[in-house]
Amino acid sequence: MNLNGLKRWSHIARKLTLAIVNKEFLVFCFFLLLSGGFWLSMTLDETYEREFSVPVRMARVPDNVIFSTEVEDTLTFTLSDKGFAMLGYMHGKRLRPLVIDFPLYANRTKGRGTVPVAEVQNLISKMLLSSTRIVSASPDRMDFAFSYGTSKVVPVSLQANVTAAKNRYLWQTLVDPEEVKVFADKRMLAGMTTIPTEEVDVDELKDSVEMLIPLQHASGVKCIPDTVRVVLKADVIVERSVEVPLTVVNAPRDKIVRLVPDKVKVYYNVGGAAADKVRKEQFRVTVNYQEVSEKPSEPCKVHLQSSPSEVSNVRLDDVRVTYLVEQE
């Protein structure tokens with residue numbers, strides 16, 4: 001037998017071996033999946049108990065209702081059923097937030113409300129399969145107390161500690177809404193001038209930050225809305241200068257004071273967004289004639305009287321101003 005014949009028989013033998021091995025592997029996988037299926041079916045057919053939790057929401061609550069007790073926000077309950085049903089509760093969408101209809105359970109005259117045990121279980125049962133049994137629920141009943149308050153609109157006071165990053169400053173602060181409607185009894189409302197936010201700390205502010213901040217209020221007070229949107233904007237600090245004419249003040253009418261130089265350079269820091277809005281007319285630099293007359297041999301003292309609110313770190317060029325007083 002030549003070399004080509006050997007290669008051909010070797011190739012055939014290898015294919016037969018792979019076919020046998022692959023067939024055995026497929027048979028093994030089939031029986032493995034079959035046995036796994038039987039085990040899973042038997043496991044899920046057993047009865048289990050498991051604890052679940054759902055959020056609780058109070059619906060159709062009038063704006064002027066103030067809860068004087070904490071309203072339960074979570075209901076925890078234990079269910080018993082076969083594994084198939086439990087798997088559906090764990091990964092499906094059957095268990096939804098529990099909605100308590102306020103007008104249905106509230107006694108307006110007494111200012112109290114109760115969702116009894118039977119009703120709690122009835123609300124849970126509406127989400128369950130008929131085969132599922134409720135083992136326990138916590139709380140097994142829901143009690144709440146409330147009152148009706150008067151209202152007024154109150155400004156929001158932002159409580160924020162903000163530090164800007166290097167070469168930046170807090171350029172703009174936006175609070176939305178700037179006012180909220182507050183419900184409380186008349187005595188509490190009378191002394192209320194602002195409603196503060198919860199305190200927040202922002203360090204190294206570089207660009208813009210947006211956040212939702214809850215409002216602070218005492219028990220027996222209700223705010224609508226109870227959170228505000230706050231935007232903090234930082235801007236780059238740039239240094240600019242402008243030449244400003246000197247103005248003589250308190251000079252007698254019959255005196256003319258001539259200054260040399262008659263202008264002074266003013267340096268200041270300003271945010272990039274406002275830099276182009278600053279004009280030299282917004283600065284006022286003066287020389288006081290009374291100081292000149294008291295010390296005639298000394299150079300004039302220059303005073304910065306006013307500058308725009310947008311600028312900071314305002315400083316004057318270090319110049320010595322001389323003067324000449326003429327009689328009209």
Side-chain angles (χ1 to χ4, degrees), residues 54-75 96-115 139 142-165 168-235 271 273-274 309-310:
V54 294
V56 176
R57 290 206 306 256
M58 193 72 74
R60 295 206 296 154
V61 181
D63 287 346
N64 62 338
V65 164
I66 302 166
F67 290 100
S68 51
T69 57
E70 290 291 331
V71 181
E72 294 291 343
D73 59 359
T74 304
L75 179 66
R96 300 177 301 277
L98 202 68
V99 179
I100 306 297
D101 191 358
F102 176 84
L104 190 62
Y105 303 103
N107 186 321
R108 295 173 179 267
T109 305
K110 295 181 179 180
R112 304 194 66 83
T114 299
V115 185
M142 296 183 187
D143 298 313
F144 54 91
F146 60 93
S147 61
Y148 294 95
T150 53
S151 68
K152 75 174 182 180
V153 176
V154 178
V156 175
S157 171
L158 176 62
Q159 307 297 304
N161 303 311
V162 184
T163 57
R168 282 172 167 75
Y169 77 109
L170 179 60
W171 167 52
Q172 192 175 38
T173 302
L174 302 174
V175 179
D176 181 35
E178 295 180 343
E179 298 176 324
V180 295
K181 198 170 188 178
V182 179
F183 293 88
D185 62 46
K186 291 181 180 180
R187 180 183 56 82
M188 294 181 74
L189 279 182
M192 194 178 298
T193 56
T194 63
I195 192 82
T197 65
E198 289 189 359
E199 192 166 303
V200 294
D201 296 314
V202 180
D203 297 322
E204 295 294 312
L205 181 66
K206 294 180 180 179
D207 297 304
S208 294
V209 172
E210 182 175 336
M211 62 191 86
L212 282 176
I213 305 179
L215 298 175
Q216 293 187 58
H217 53 80
S219 177
V221 176
K222 180 180 180 180
C223 301
I224 298 180
D226 59 1
T227 59
V228 292
R229 185 179 70 94
V230 175
V231 180
L232 304 174
K233 295 183 179 181
D235 194 12
S309 59
E310 297 89 348

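Worth knowing before you read on, the calculation uses all heavy atoms, side chains too, and leaves out hydrogens, waters and symmetry mates. Residues: numbered from 1 along the sequence shown.
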Under 3.5 Å, which donor-acceptor pairs link side chains of residues 149-160 to any protein atom two or more places apart or in another chain?
{"from": "Thr150", "atom 1": "OG1", "to": "Ala184", "atom 2": "O", "distance (Å)": "3.2"}
{"from": "Lys152", "atom 1": "NZ", "to": "Leu189", "atom 2": "O", "distance (Å)": "2.7"}
{"from": "Lys152", "atom 1": "NZ", "to": "Met192", "atom 2": "O", "distance (Å)": "2.7"}
{"from": "Ser157", "atom 1": "OG", "to": "Gln159", "atom 2": "NE2", "distance (Å)": "2.8"}

So, do [X] and [Y] sit near enough that their side-chain heavy atoms are less than 4.5 Å apart?
X	Y	value
Thr227	Pro214	yes
Val65	Tyr148	yes
Asp63	Lys181	no
Tyr105	Met142	no
Val61	Phe146	no
Ser147	Asp185	no
Arg60	Leu104	no
Pro177	Val228	yes

Seminar exercise, completed: Rounded to the nearest 0.5 Å, the CZ atom of Arg112 sits from the CG atom of Asn107 at a distance of 10.0 Å

Problem set entry | Distance, nearest 0.5 Å, that separates CD of Glu72 from CE of Met58 | 10.0 Å

For this session: Look at the side chain of Lys206 and the backbone N and O of Ala234, then say whether any donor-acceptor pair between them is shorter than 3.5 Å.
Result: no

For this session: Give a yes or no answer on whether the side chain of Asp235 reaches the backbone of Ala273 with a donor-acceptor pair at less than 3.5 Å.
Result: yes

For this session: Output every pair passing side-chain hydrogen bond (donor to acceptor under 3.5 Å, both in side chains) with a member in residues 186-201, not counting sequence neighbours, ordered by first then second residue.
Result: Asn161-Glu199, Asn161-Asp201

For this session: Verify the neighbour count for atom CD of Glu210: are there more than 12 heavy atoms of other residues, nucleotides or ligands below 6.0 Å?
Result: yes

For this session: Determine the minimum heavy-atom distance between Leu205 and Lys233, stating which atoms define it.
Result: CD2-C, 4.3 Å

Seminar exercise, completed: In terms of heavy-atom contacts, Leu215 and Pro225 come closest through CD1-O, 3.5 Å

Exercise. Who are the ring pair (Phe, Tyr, Trp, His ring centres under 6.0 Å) partners of Phe183, not counting sequence neighbours?
Worked result: none

